[in-house]
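Attaching a single structure in structure tokens format; questions to follow.
Only heavy atoms go into these numbers, but all of them, side chains included; no hydrogens, no water, no symmetry mates. All residue numbers refer to positions in the sequence shown, counting from 1.
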Amino acid sequence: MIDRNLREMGRIPDHLLPPPSLRLTLDRGALASNWRALDALSGSAKAGAAVKADAYGLGVDNCVPVLRDAGCDTFFVAHWSELAGVIAHVPAEQVAVLHGVLSEADCAYARATGAVPVINSLEQAALWLAGGGGRCHLMVDTGINRLGIAPGEAGDPSVQALKIDILMSHLASADEHSATNPMQAELLGEAAGAIPHQRLSLANSAGIALGEAFAFDVTRPGLALYGGVPRPELEGHIRQVARIEAQILQCRNLAPGHAVGYNAAYIANTPMRVGTVSIGYADGFLRSRGPGNALLHGDRVLPVLGKVSMDMVVVDLAQAADLGVGDWLEVPWNIADAAQQSALSPYEMLTVIGRRLRVG
Ligand SMILES: *Cc1c(COP(=O)(O)O)cnc(C)c1O
């Protein structure tokens, strides 16, 4: 029995929480190995790590200590709100905030924490300098037209007055064979000649695979750290990091004509045994991963039937007569395959992983 006073206060001891019916297992060794591989592939440059969006859905608290212990000392987040989670594990001066400073409050927060803003425009440069300036990074837009000063703004006094550590740009099509890749590298090289800086950075995961001319001093892999393979050159270097499994909650026998799930999107035409499994779109198993997709048990493939619900999915157990309530099925998160089947990008596959799957 839970102590009645505790229960009335809404405080229930953590150790009483029963085990969950879905789980994400992180292969921390694979994560560390991926960082080391990307660092080695970066040649004379050193690899940092993009840990924005809660380390691409895998959890900052899980991933940042592993990356730090592997040797990473430069981390990238997008928002100031993402900073606290990261600096619980690494010094703030190792963390860059990609969205930069939009207000005096952002500048004050940067100074209070010691984290480093990535300045993206002349307005941001002026704002940062007005508050006293200090070490920052600078993004130059060389063709993605998202964030960053234009190369033509390099001579602006506000840019020249900045104390720039990393002068960076971002590739638009690093995962493709594209003439814009060398053009962007060349533009960054030109900016480097016009803007005082300590270090240069261009390559994301796919950019690392483009070779030495793209590595400069610091690389910024994200996706490949977490098991994504954006270019074939990285195959064989990158190991799968996330394994997701869900339990069968209930089994039932369908008669011909019985329909499965919302809107009767699947109708049995023979007697069949099916299992209801504890994963749904709230966990990141999106509806686009419904029909045509499958869960796995060892080598056995269990097709998904009907529409994915918020918390559940139904699979055909024809290939798995021995399985029943409580058995664990693997949810394929082999990012390349699963992404292709579901028309999601591998980035989306990872970043939609739901809260209920965040490992503690
Ligand atoms: C997200 C991001 C990265 C990491 O890119 P991946 O393709 O995941 O390796 C690097 N640099 C910037 C500026 C980013 O926004």
Side-chain angles (χ1 to χ4, degrees), residues 28 31-32 35-36 38-39 42 45-121 123-140 147-149 158-159 161-170 195-204 216-222 225-226 351 358 360:
R28 288 174 168 77
L31 176 62
W35 183 82
R36 284 192 294 264
L38 291 159
D39 186 52
S42 299
K46 175 141 193 197
V51 296
K52 58 195 181 184
D54 204 20
Y56 288 47
L58 301 186
V60 154
D61 287 335
N62 305 312
C63 297
V64 170
V66 173
L67 295 165
R68 173 199 65 204
D69 294 348
C72 181
D73 61 10
T74 310
F75 300 86
F76 299 87
V77 295
H79 291 258
W80 292 101
S81 62
E82 299 180 301
L83 185 62
V86 179
I87 65 179
H89 305 289
V90 298
E93 57 268 23
Q94 296 186 359
V95 188
V97 180
L98 290 161
H99 284 2
V101 286
L102 296 173
S103 64
E104 279 169 21
D106 287 348
C107 293
Y109 195 70
R111 293 208 167 78
T113 56
V116 191
V118 178
I119 302 299
N120 289 298
S121 66
E123 290 76 12
Q124 289 199 7
L127 196 58
W128 182 240
L129 291 167
R135 178 171 167 250
C136 63
H137 305 312
L138 180 71
M139 177 70 77
V140 183
L147 292 175
I149 66 162
S158 66
V159 172
L162 292 172
K163 264 178 65 183
I164 299 164
D165 177 358
I166 302 177
L167 177 62
M168 68 177 87
S169 192
H170 192 58
I195 302 170
H197 63 274
Q198 298 293 317
R199 298 180 285 170
L200 287 174
S201 176
L202 178 63
N204 61 346
F216 294 96
D217 302 312
V218 183
T219 58
R220 307 187 306 268
L225 292 172
Y226 311 107
T351 54
R358 303 290 164 87

Open item on the list: Quick one: does any side-chain atom of S201 pair with a main-chain N or O of V218 as donor and acceptor, under 3.5 Å?
Closed with: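 Looks like yes, one N/O pair under 3.5 Å.
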Task: Shortest non-hydrogen contact from V60 toward G85 - done: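 Shortest heavy-atom contact: CG1-O, 3.4 Å.
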TODO: Over all heavy atoms of both residues, which pair between A50 and Y226 is shortest? Give the atoms and the distance, please.
DONE: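 Minimum heavy-atom contact is O-OH, 2.7 Å.
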- [ ] For R220 and L202, work out which heavy atoms get closest and say how close.
- [x]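 In this case the closest contact between R220 and L202 is NH2-O, 3.4 Å.
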Task: Positive for side chain to side chain contact (heavy atoms under 4.5 Å, CB included) with C136, one of L129, I119, D165, V118 - done: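 Testing each of L129, I119, D165, V118 against C136, the sole residue satisfying side chain to side chain contact (heavy atoms under 4.5 Å, CB included) is I119.
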Open item on the list: If we ignore hydrogens and angles and just use 3.5 Å, is the side chain of D39 paired with the main-chain N or O of C72 as donor and acceptor?
Closed with: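 No.
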Open item on the list: For the NE2 atom of H99 and the CG atom of L147, what is their distance to the nearest 0.5 Å?
Closed with: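 Interatomic distance, H99 NE2 to L147 CG, rounded to 0.5 Å: 6.5 Å.
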Open item on the list: As a test of understanding, state which of R68, K46, R199 forms a salt bridge (charged side-chain N to carboxylate O under 4.0 Å, His left out) with D73.
Closed with: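 Checked R68, K46, R199 against D73; only one passes salt bridge (charged side-chain N to carboxylate O under 4.0 Å, His left out): K46.
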Task: Nearest-0.5 Å distance that lies between atom CE in M168 and atom CZ in F76 - done: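 Answer for the CE-CZ pair, M168 versus F76, is 4.5 Å.
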TODO: Determine the minimum heavy-atom distance between A78 and V97, stating which atoms define it.
DONE: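 The pair with the smallest heavy-atom distance is O-CG1, 3.5 Å.
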Task: Donor-acceptor contact below 3.5 Å, side chain W35 vs main chain G48 - done: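 Yes, the answer is positive, given that a donor and an acceptor are paired below the 3.5 Å cut-off.
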Open item on the list: Against R28, only a single residue in N62, L67, D69 fulfils side chain to side chain contact (heavy atoms under 4.5 Å, CB included); can you say which?
Closed with: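 When N62, L67, D69 are each tested with R28, the side chain to side chain contact (heavy atoms under 4.5 Å, CB included) holds only for N62.
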Task: Main-chain N/O of I166 paired with H137 side-chain donor or acceptor, under 3.5 Å - done: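 Yes, H137 side chain to I166 backbone: donor-acceptor pair under 3.5 Å.
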